Undergrad: 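Just dropping this structure here.
Remember, it's a predicted structure, so these values are computed and weren't measured experimentally.
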Amino acid sequence: MGDFGRVLTAMITPFKADGSVNYTVAAELAAHLADNGTDTLVVCGTTGESPTLSWDEEYQLFVEILQAVAGKAKVIAGCGSNSTKEAIAATQKAAKIGVHGTLQVVPYYNKPPQAGLYQHFQAIAQACPELALLLYNVPGRTGQNLSPETVVRLAEIDNIVGIKEASGNLDQAGEIRRLTPKEFQIYAGDDSLTLPLLAIGAKGVVSVASHLVGNQLQQMIQAFNAGQVTVASDIHLRLFPLFKALFITTNPIPIKQALKLQGWEVGSTRPPLSEADGEVSQKLEAVLKNLDLI
């Protein structure tokens, strides 16, 4: 259960000019990503603007993208919530749709203690024992850190198969790796930390940059795993300006602008996120040109 590969793309959600979801472009982009280095698509996570999507829109995206990448890539559905009851209901519905796994973010705003976090994820896992669950720790957005000790306890649950570790704390990731079984998968939640985390036992990355450089990220990870550390380092350093440029303002504003520069009709972000301003656009354009991406 739950082998999601090395490069997981945290996929954006395209919108039409009227602000509605553009399911046609979503399917086209998903198929393109599956052909260009993406092993698994993470749909309706942070990069997919899940806070401003309705559950009905999310379920429709799961259906459309599953069809678009059938036989080519897996689909992980973002079903997290700061309500345990709501997360369970969403996960059960996603399971019926046929997704391969779910991403469950640490509950945001209500700041549960570690005991509450354990009970939250345990309840979701037990409600859908047939579906792989990937924990998602991103304290910069949720206001609460999922401690290594809690992750270790959760890793004992059969269908909790791994974690997207986006705390930016290498020591924390190392502690999780040290204390969990080898089959428990750790994914970098920041593109710029993929290579450092590989060195301490991570499997891969839940990536934003893979919208643009999925094949290169695959090459970097495969080179590292083959012992070609210098080759991997060279790829990392070449792509590093892109990793940083995609986060010069709130994600997914920059990646949507980058895709528009490539000609993708992904639309704008939904309020309260704003458009990329001229300075952000110019910086992105310079980085993309330097990497021959436009």
Undergrad: Measuring from atom CD of E275 to atom NZ of K256, what distance do you get when rounded to the nearest 0.5 angstrom?
TA: 8.5 Å
Undergrad: Any chance you could measure F247, atom CZ, to I255, atom CD1, to the nearest 0.5 Å?
TA: 8.5 Å
Undergrad: In the structure I gave you, are the side-chain heavy atoms of T194 and S207 within less than 4.5 Å of one another anywhere?
TA: no
Undergrad: Is it true that a side-chain atom of E49 and a backbone atom of T269 form a donor plus acceptor pair closer than 3.5 Å?
TA: no
Undergrad: Verify the cluster assignment for L117 and L179: are they in a single hydrophobic cluster under the rule of side-chain heavy atoms below 4.5 Å apart?
TA: no
Undergrad: Nearest heavy-atom pair of F121 and Q104: which atoms, and what distance?
TA: CE2-O, 3.4 Å
Undergrad: Side chains of I12 and L29, heavy atoms from C-beta outward: is any pair under 4.5 Å?
TA: yes
Undergrad: Should we count CG of D158 as having more than 12 external heavy atoms under 6.0 Å?
TA: no
Undergrad: Is there a side chain to side chain contact (heavy atoms under 4.5 Å, CB included) between R270 and V21 once you walk through the steps?
TA: CA-CA 10 Å; R270 272 186 178 171; V21 175; 4.0 Å; yes
Undergrad: Please answer whether the main-chain N or O of G45 pairs with a side-chain N or O of S50 as donor and acceptor at a distance below 3.5 Å.
TA: yes
Undergrad: Find out whether P241 and N290 are in side-chain contact, i.e. whether some heavy atom of one side chain is under 4.5 Å from a heavy atom of the other.
TA: no
Undergrad: Could you state the interatomic distance from CD (Q172) to CD1 (I186), rounded to the nearest 0.5 Å?
TA: 10.0 Å
Undergrad: Taking atom CD of E279 as the centre, report whether more than 12 heavy atoms of other residues, nucleotides or ligands fall under 6.0 Å from it.
TA: no
Undergrad: Taking all non-hydrogen atoms of both residues, which atom of G37 and which atom of N215 are closest, and how far apart?
TA: N-OD1, 3.1 Å
Undergrad: Measuring from atom CG of L131 to atom NZ of K96, what distance do you get when rounded to the nearest 0.5 angstrom?
TA: 12.5 Å
Undergrad: Is the ring centre of W264 less than 6.0 Å from the ring centre of H32?
TA: yes
Undergrad: What orientation do F243 and F240 show, parallel under 30°, tilted 30 to 60°, or perpendicular over 60°?
TA: perpendicular
Undergrad: Using every non-hydrogen atom in the two residues, find where L33 and S210 come nearest and quote the distance to one decimal.
TA: CD2-O, 3.8 Å
Undergrad: Which atoms form the tightest heavy-atom contact between P254 and I248, and what is the distance?
TA: CG-N, 4.4 Å
Undergrad: Are V75 and M11 connected into the same hydrophobic cluster when the rule is that any two of I, L, V, M, F, W, Y join if their side-chain heavy atoms are below 4.5 Å apart?
TA: yes
Undergrad: Would T13 and E57 count as a side-chain hydrogen bond (donor to acceptor under 3.5 Å, both in side chains) here? Give the steps.
TA: CA-CA 10 Å; T13 299; E57 287 173 328; over 6 Å; no
Undergrad: Is there a donor-acceptor pair under 3.5 Å between the side chain of Q262 and the backbone N or O of L293?
TA: yes
Undergrad: Is V213 reachable from L288 through a run of hydrophobic residues whose side-chain heavy atoms are each under 4.5 Å from the next?
TA: yes
Undergrad: Set out, in order, the CA-CA distance, both residues' side-chain angles and the distance that settles side chain to side chain contact (heavy atoms under 4.5 Å, CB included) for R6 and N225, then state yes or no.
TA: CA-CA 11 Å; R6 308 282 180 187; N225 290 339; 3.6 Å; yes
Undergrad: I want to check something: taking the side chain as every heavy atom from C-beta on, are V43 and V99 in contact at a cut-off of under 4.5 Å?
TA: no
Undergrad: For R177 and E165, what are the C-alpha separation, side-chain angles and deciding distance, and is it a salt bridge (charged side-chain N to carboxylate O under 4.0 Å, His left out)?
TA: CA-CA 11 Å; R177 180 70 294 161; E165 175 49 49; over 6 Å; no
Undergrad: Just wondering, are more than 12 heavy atoms of other shown residues or ligands nearer than 6.0 Å to NZ in K72?
TA: yes
Undergrad: Starting at CG of D190, measure out to NZ of K164 and round the result to the nearest 0.5 Å.
TA: 8.0 Å
Undergrad: Do the side chains of D3 and V161 get nearer than 4.5 Å, heavy atoms only?
TA: no
Undergrad: With distance as the sole test, does D39 use its side chain to make a donor-acceptor pair with the main-chain N or O of V7 at under 3.5 Å?
TA: yes
Undergrad: Go through the steps for H100 and F4 under the test side chain to side chain contact (heavy atoms under 4.5 Å, CB included), then give the verdict.
TA: CA-CA 9 Å; H100 303 95; F4 296 115; 4.0 Å; yes
Undergrad: Applying a strict under-4.5 Å side-chain criterion to I, L, V, M, F, W and Y, I'd like to know whether F15 and L261 cluster together.
TA: yes
Undergrad: Return the CD1 to CZ distance between I176 and R178, rounded to the nearest 0.5 Å.
TA: 11.5 Å
Undergrad: Would you confirm whether N110, through its side chain, and N82, through its main-chain N or O, come within 3.5 Å as a donor-acceptor pair?
TA: yes
Undergrad: Check this for me: Q60, atom CD, are more than 12 non-hydrogen atoms of other residues, nucleotides or ligands nearer than 6.0 Å?
TA: yes
Undergrad: Would the distance check show the side chain of N169 and the main-chain N or O of D171 forming a donor-acceptor pair, the cut-off being under 3.5 Å?
TA: yes
Undergrad: Tell me, do L197 and I200 make a side-chain contact under 4.5 Å, heavy atoms counted?
TA: yes
Undergrad: Do you know the tightest heavy-atom contact between A31 and V69?
TA: N-CG1, 4.0 Å
Undergrad: Are any of the side-chain heavy atoms of I163 and T180 separated by less than 4.5 Å?
TA: no
Undergrad: Return the minimal non-hydrogen interatomic distance between L41 and A30, and the atom names on each side.
TA: CD1-CB, 3.7 Å
Undergrad: Do any N or O atoms from the side chain of N137 and from the backbone of L146 form a donor-acceptor pair under 3.5 angstrom?
TA: yes
Undergrad: E28 and N22: side chain to side chain contact (heavy atoms under 4.5 Å, CB included), yes or no, with the steps?
TA: CA-CA 10 Å; E28 290 171 357; N22 193 329; over 6 Å; no
Undergrad: Start with the C-alpha distance between S20 and D18, add both sets of side-chain angles, then the distance that settles side-chain hydrogen bond (donor to acceptor under 3.5 Å, both in side chains), and finish with yes or no.
TA: CA-CA 6 Å; S20 62; D18 64 2; 2.7 Å; yes
Undergrad: Using 4.0 Å as the upper bound for N to carboxylate O, is an ion pair formed by E149 and R153?
TA: no
Undergrad: Is I88 reachable from V106 through a run of I, L, V, M, F, W or Y residues, each pair having side-chain heavy atoms under 4.5 Å apart?
TA: yes
Undergrad: Is E265 close to K16 at the side-chain level, that is, under 4.5 Å between some pair of heavy atoms?
TA: no
Undergrad: Main chain of T46, side chain of N251: is a donor-acceptor contact present, judged purely on distance under 3.5 Å?
TA: no
